[in-house]
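Since the structure comes first, as structure tokens, the remarks are kept for the end.
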Amino acid sequence: SQMNSSLAITWLNSSQILDPPTSSSYGGFTNGWNSSTADLQTTFMALWSLELLGSLSIIDQTAAINYILPHYRDDSNYPQYYGGFGLAPDDPVATHLATYYSIAALQILGEDNQVSAEDITSWILSTQTLDGGFADSPQQTGFAPQTNFAVSCTTALQLLEAVIPISSLSIPIPSPPAG
């Protein structure tokens, strides 16, 4: 109640990259100190903040969706990443971090039906390591960050139940840091 919400909303709105329309960052959100590059984590956090402030309607939602979707890995030339999301549109490698932020951002925008829950589920399951964690390859030792985001995605996709349309899921959104 003490925060100047209008000022925060204005700042968030201004952090969406809408020029030039051919940029790979077009539609994404900048982190504040680099005004020309967007990333999935910052885009998710900006969308989440705008949703919490009840102001998603002020941004170009179509541009945001079009920023996120090219990160989806549906290229059969790289079957080990098929179904995940990459950190950059031209990077064939999928990551757990990018996958979680992309799914959560698409859900906030009401466009989570644009990707295949079954393919995402298959990719996440293929990255579980022999020791039980998750990593970039099942032959590696599990890593805490990859495992955290894989578990977040699996919870979101309800992997333990039958695959259901992703649009009917509820993505658990983490609490903001204290302080």
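Small disclaimer: the values here were computed from a predicted structure and weren't measured.
For the ring-ring contact (aromatic ring centres under 6.0 Å, His included) with Phe149, the lone residue among Tyr101, Phe85, Phe143 that qualifies is Tyr101.
In this structure, CD1 in Ile103 is found 12.0 Å from CD1 in Ile108, a value given to the nearest 0.5 Å. Atom CG of Asn4 and atom CD1 of Ile9 lie 9.0 Å apart (nearest 0.5 Å). With rounding to the nearest 0.5 angstrom, the CZ atom of Arg73 is 10.0 Å from the OH atom of Tyr78. Annotation: the span from Tyr100 atom OH to Ile120 atom CD1 amounts to 13.0 Å, rounded to 0.5 Å. For the atom pair Gln146 CD and Thr127 OG1, the distance stands at 8.5 Å (nearest 0.5 Å). Between Asp91 atom CG and Tyr81 atom OH the span is 8.5 Å, to the nearest 0.5 Å.
No donor-acceptor pair closer than 3.5 Å links the side chain of Ser25 to the backbone N or O of Gly28. Between the side chain of Asn31 and the main chain of Thr42, no donor-acceptor pair closer than 3.5 Å is present. Distance alone, capped at 3.5 Å, is enough to place a donor-acceptor pair between the Ser116 side chain and the Asp119 backbone. Distance alone, capped at 3.5 Å, is enough to place a donor-acceptor pair between the Ser15 side chain and the Leu12 backbone.
Residue Ala38 comes nearest to Ile17 through the heavy atom pair N-CD1, 3.7 Å, listed as atom of the first residue, atom of the second, then distance. Scanning both residues, Gly142 and Asp131, for their nearest heavy atoms gives N-OD2, 3.1 Å. Of all heavy-atom pairs between Ala150 and His96, the closest is CB-CD2, 3.6 Å. Taking all atoms of both residues into account, the shortest heavy-atom contact from Ile68 to Ala105 is CD1-CB, 3.6 Å. The two residues Phe44 and Ala104 have their closest heavy-atom pair at CE1-CB, 3.4 Å. Nearest approach of Ala135 to Gln140, heavy atoms of both residues: CB-OE1, 3.4 Å.
The side-chain heavy atoms of Leu87 and Asp39, taken from C-beta on, include no pair separated by under 4.5 Å. Residues Thr129 and Phe134 fail the side-chain proximity criterion, which asks for heavy atoms closer than 4.5 Å. In this structure, Asp60 and Tyr67 have side chains that are not in contact, with every pair of non-hydrogen atoms separated by 4.5 Å or more. In this structure, the side chains of Thr99 and Trp123 come closer than 4.5 Å at one or more pairs of heavy atoms. For the pair Val115/Leu69, a side-chain contact is recorded, criterion being any heavy-atom separation below 4.5 Å from C-beta on. The side-chain heavy atoms of Leu50 and Asn13, taken from C-beta on, include no pair separated by under 4.5 Å.
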#### Entry: side chain to side chain contact (heavy atoms under 4.5 Å, CB included) between Tyr82 and Asp75, intermediate numbers included
CA-CA 6 Å; Tyr82 190 91; Asp75 184 350; 6.0 Å; no
### Message
Would Phe29 and Gln16 count as a side chain to side chain contact (heavy atoms under 4.5 Å, CB included) here? Give the steps.
### Response
CA-CA 4 Å; Phe29 288 78; Gln16 187 176 28; 3.5 Å; yes
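Side-chain heavy atoms closer than 4.5 Å link hydrophobic residues (I, L, V, M, F, W, Y) into clusters, and following such links, possibly through other members, connects Leu56 to Met45. Under the 4.5 Å side-chain contact rule for hydrophobic residues, Leu53 and Leu7 do not share a cluster. Leu18 and Leu47 are members of different hydrophobic clusters when ILVMFWY side chains are connected at heavy-atom separations under 4.5 Å. Taking hydrophobic clusters as Ile, Leu, Val, Met, Phe, Trp and Tyr residues chained together by side-chain heavy-atom distances below 4.5 Å, Leu125 does not share a cluster with Leu130.
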